[in-house]
Amino acid sequence: FQMRLLAIVACLLAAAVAEESLYAVEGTVVYPRGDSSLPANTRILLNYGRHVGFPREDGSFSVPGVAPGSYIVQVENVDYVFEPVRVDITVSGKMRTRKISLLQPGAVQQLPYPLKLVAREATRYFRKREEWRVTDVLFSPMVLMIALPLGIMLILPKLTANDPELQKEMENMQLPKMDMPDMSDMMANFFGPKSTGQKKITGGGAKGGEGKKKK
């Protein structure tokens with residue numbers, strides 16, 4: 001009987017020690033523009049659901065029964081996106097929080113405790129449709145490849161016309177000369193009436209043919 005009693009006391013002491021070594025992760029969920037009305041589908045997840053908590057009406061939360069260790073705290077919500085944070089709990093119950101950086105995992109940026117989880121942005125379930133813009137066409141690689149050399153060829157002769165020394169240097173460089181057509185002629189040929197290539201028979205020519213036949 002004494003052995004059983006000692007075993008029961010030992011189990012109770014072990015349970016009491018285990019309960020004392022558990023802690024609670026506390027903080028507040030803050031929505032954009034000071035919106036304190038938290039929807040019912042908001043949850044606080046530790047290590048992707050190992051421990052789950054729910055915020056109160058004022059946004060505060062407490063996740064009890066957490067043993068010492070390292071945990072990732074996330075806010076699960078369908079309307080807003082929150083950045084996860086890491087919470088380290090020591091054996092003595094000291095809380096250490098830091099920001100999670102995917103680009104620099106080794107960088108340590110500490111955060112205050114209790115946690116203050118602020119919504120980063122509204123959740124976007126659909127990608128915005130791309131709109132056609134004139135700048136996309138003007139700054140496209142093909143247009144730049146054609147427009148830049150053409151602009152240099154048109155502007156460079158005008159710049160060298162007033163500077164004889166620069167003009168001599170350009171002549172000494174032996175650049176290939178290109179005769180640029182007149183823009184007015186090009187526009188007239190492009191938009192003007194096109195010739196069919198067939199010559200019209202005039203009246204004099206017809207009479208001349210008839211005279212030859214009579215002879």
For [X], all residues meeting side-chain contact (heavy atoms from CB on, under 4.5 Å), sequence neighbours excluded:
X	answer
Pro114	none
Ala147	none
Glu131	none
Leu111	Val85, Thr97, Lys99

How long is the span from the [atom1] atom in [X] to the [atom2] atom in [Y], to the nearest 0.5 Å?
X	Y	atom1	atom2	result
Ser92	Tyr23	OG	OH	6.5 Å
Leu117	Phe82	CG	CZ	7.5 Å
Ile146	Ser140	CD1	OG	8.5 Å

Before giving the answer on side chain to side chain contact (heavy atoms under 4.5 Å, CB included), spell out for Phe61 and Glu26 the whole-Å C-alpha distance, their side-chain angles and the decisive distance to 0.1 Å. CA-CA 6 Å; Phe61 64 88; Glu26 300 178 347; 5.8 Å; no

Got a sec, which residues hit salt bridge (Lys or Arg N to Asp or Glu O under 4.0 Å) with [X], two or more places apart in sequence or on another chain?
X	answer
Arg120	Glu83
Arg43	Glu76
Arg133	Asp136

Contact between [X] and [Y] at the side-chain level, heavy atoms closer than 4.5 Å - yes or no?
X	Y	result
Tyr113	Arg96	no
Pro64	His51	no
Val66	Leu22	no
Val25	Tyr71	no
Val87	Ile72	no

Using the test side chain to side chain donor-acceptor pair (under 3.5 Å), find all partners of Arg86 that sit at least two apart in sequence or belong to another chain. Ser70

Closest approach of Pro84 and Gln74, non-hydrogen atoms and distance?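 Taking Pro84 first and Gln74 second, the nearest heavy atoms are CB-CG, 3.7 Å.
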
Under a single-linkage rule joining Ile, Leu, Val, Met, Phe, Trp and Tyr whose side-chain heavy atoms are separated by less than 4.5 Å, which residues share a cluster with [X]?
X	value
Val78	Tyr125, Phe126
Val52	Leu45, Phe54
Val91	none

Starting from Val30, can I reach Val81 by hopping between I/L/V/M/F/W/Y residues whose side chains sit under 4.5 Å apart?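 As far as the 4.5 Å side-chain criterion goes, Val30 and Val81 are not connected within one cluster.
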
Do Asn47 side-chain atoms and Arg50 backbone N/O form a donor-acceptor pair below 3.5 Å? no

How far apart are the C-alpha atoms of Tyr80 and Glu121, what are their side-chain angles, what is the distance that settles it, and do they pass the side chain to side chain contact (heavy atoms under 4.5 Å, CB included) test? CA-CA 6 Å; Tyr80 298 97; Glu121 60 181 358; over 6 Å; no

Do Asn77 and Thr42 have side-chain N/O donor and acceptor atoms under 3.5 Å apart? yes

Salt bridge Lys94-Asp88, side-chain N to carboxylate O under 4.0 Å: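 No.
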
Listed once per pair and sorted, the salt bridge (Lys or Arg N to Asp or Glu O under 4.0 Å) pairs that draw on residues 139-149, sequence neighbours left out: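 Checked against salt bridge (Lys or Arg N to Asp or Glu O under 4.0 Å) - neighbours excluded - no pair reaches residues 139-149.
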
